[in-house]
Amino acid sequence: MKVLVIGGGGREHALVWKIAQSPLVDKIWCAPGNPGIAQLAECVDIAVDDLDGLLAFAQKTGIDLTVVGPELPLTLGIVDRFREAGLDIFGPTKAAAQLEGSKGFSKDLMARYNIPTAAYRRFDNHADAVAYIREQGAPIVVKADGLAAGKGVIVAMDVETAVRAVDDIMLDKVFGAAGAEVVIEEFMDGEEASFFAFTDGRNILPLASSQDHKRVFDNDEGLNTGGMGAYSPAPVVTDALHDEIVETIVRPTIAGMAADGHPYSGILYVGLMIKDGRPRVVEYNARFGDPEAQPLLARMKEDIVPILQACARGNLTRTSLEWHDKAAVCVVMASGGYPGSYEKGHPISGLEEAAKLDDLVVFHAGTAEKDGKIVNVGGRVLGVTGLGPDVASAIRKAYEGVAKISWQDVHFRRDIGAKALKRKG
Ligand code: AMP
Ligand code: GLY
């Protein structure tokens, strides 16, 4: 089989790494890929939003299965384009990807099917939005409706911050067209977790639990990022909670999307807030999480390729997955200054040393090759992923890898996975 993976981050490196282990696969291409991925796949320089270029490449190369990593090509309709051309592709259609692409769409779906989430209102008018915030009071959450590169959510602890967020989004249009509408919702407190399920549009295959670390500094301080580290399994998701999430959230979401005429296939990412043992939806994403994919795929025991293919073709019959008994922890090594501005082009040392360690994989995200050296070019640069018999050992293994690797101004959190240990007592 010939497989094409679209994307070039840590999530896509993990996907390529896992797909490369399949005996069904002859060759993998990745667009655009990165230097880590280039060790396992042929990287082709086509941008993730160049749908014409990607389709032409897949047809010319005779690709049997395309796997989409990031949300942008999904919301642009890459799945519709490939399917019209008769090609197998893993991911939701443009209509189904609205679950991530429009907060208003996803909130209305949850309301229609009684899926637990924060109370909300949608506004396309600035004055009404401000009046509603003043009436509700703080804390309150303001969300730009469309995709805003992870920056469109403002958790406001006071009314003035919330009003300013609405001004920025609706008057100053800081997120452009993504802010033509806003969702204003109830603030939820609790512990966040990420839940994933493969689906072919009707049947679902849940993954193991995982947890991300969104804030840039230790103890969840500082700005929100794309994710500074993740681990699996996450003890906050007990077996009973896992079942409750599947029955009260994942199943009604997939059934609701199908009933509404846009069946959702691919992987469904549910961001959850857990309070007093009860899950509520914070948001949906139409793709694998990054960095959650790194520890999850490191733990997945079986061949992922038949599962991806079954989701793409609408014939998913499996109902449970096998996992390695080991826990996995991914520590993101980032450029100093991220999620703000940062310097690029510093050579990274220690990658060969880290590669010698057992039970450790270093996934590349924002790296490039310059004059024969690997340098940092993105905010999140590497995902150092360790495995161990339990979370504590996996944490030690990941940080053993991190200790070998360095570049100027490198930044990483030192407490990835600590929440899991606290919970276990
Ligand atoms: P999102 O871009 O929707 O993932 O939101 C980013 C982050 O904002 C989430 O991971 C939560 O930490 C936070 N957040 C979003 N909605 C709420 C809410 N209703 N209550 C509390 N925190 C929220
Ligand atoms: N880890 C957060 C995300 O993938 O959106």
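In listed order, ligands and their atoms are each counted from 1. These numbers come from a predicted model, not from an experiment.
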Has ligand 2 got any nitrogen or oxygen that is less than 3.5 angstrom from a nitrogen or oxygen of Gly226?
yes
Give the atoms of ligand 2, by number and element, whose distance to some non-hydrogen atom of [X] is under 4.0 Å.
| X | result |
| --- | --- |
| Arg287 | 3 (C), 4 (O), 5 (O) |
| Gly289 | 4 (O) |
| Pro291 | 1 (N) |
| Asp212 | 1 (N), 2 (C) |

Would you call the rings of Phe123 and Tyr132 parallel, tilted or perpendicular if under 30° counts as parallel and over 60° as perpendicular?
tilted
Have Thr199 and Tyr264 got a donor and an acceptor in their side chains that come within less than 3.5 Å?
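Thr199 vs Tyr264: no donor-acceptor pair found between side chains.
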Donor + acceptor pair across side chains of Arg299, Ser232 (<3.5 Å)
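Yes, because at least one side-chain N or O of Arg299 sits under 3.5 Å from a partner of the opposite role on Ser232.
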Between ligand 1 and Asn224, is the shortest N or O to N or O distance under 3.5 Å?
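No, Asn224 has no N/O under 3.5 Å of an N/O on ligand 1.
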Any nitrogen or oxygen of Met188, side chain or backbone, less than 3.5 Å from one on ligand 1?
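Yes: some nitrogen or oxygen of Met188 is under 3.5 Å from one in ligand 1.
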Lys/Arg N to Asp/Glu carboxylate O, Lys103 vs Glu181, below 4.0 Å
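Salt bridge between Lys103 and Glu181, a charged N being under 4.0 Å from a carboxylate O: no.
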Using a strict cut-off of less than 4.0 Å between a Lys/Arg side-chain nitrogen and an Asp/Glu carboxylate oxygen, indicate whether Asp128 and Arg121 qualify as a salt bridge.
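No salt bridge links Asp128 with Arg121.
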Applying a heavy-atom cut-off of 4.0 Å, say which part of Arg11 lies close to ligand 2: side chain, backbone, both or neither.
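The answer is neither; Arg11 stays 4.0 Å or more away.
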Just checking His242 against Phe195, ring centres under 6.0 Å apart?
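Between His242 and Phe195, the centre distance is under 6.0 Å.
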With sequence neighbours left out, what residues match His126 under side chain to side chain donor-acceptor pair (under 3.5 Å)?
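For His126 the side chain to side chain donor-acceptor pair (under 3.5 Å) partners, ignoring immediate neighbours, are Asp167.
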Under 4.0 Å between heavy atoms, the region of Glu186 that gets near ligand 1 turns out to be backbone
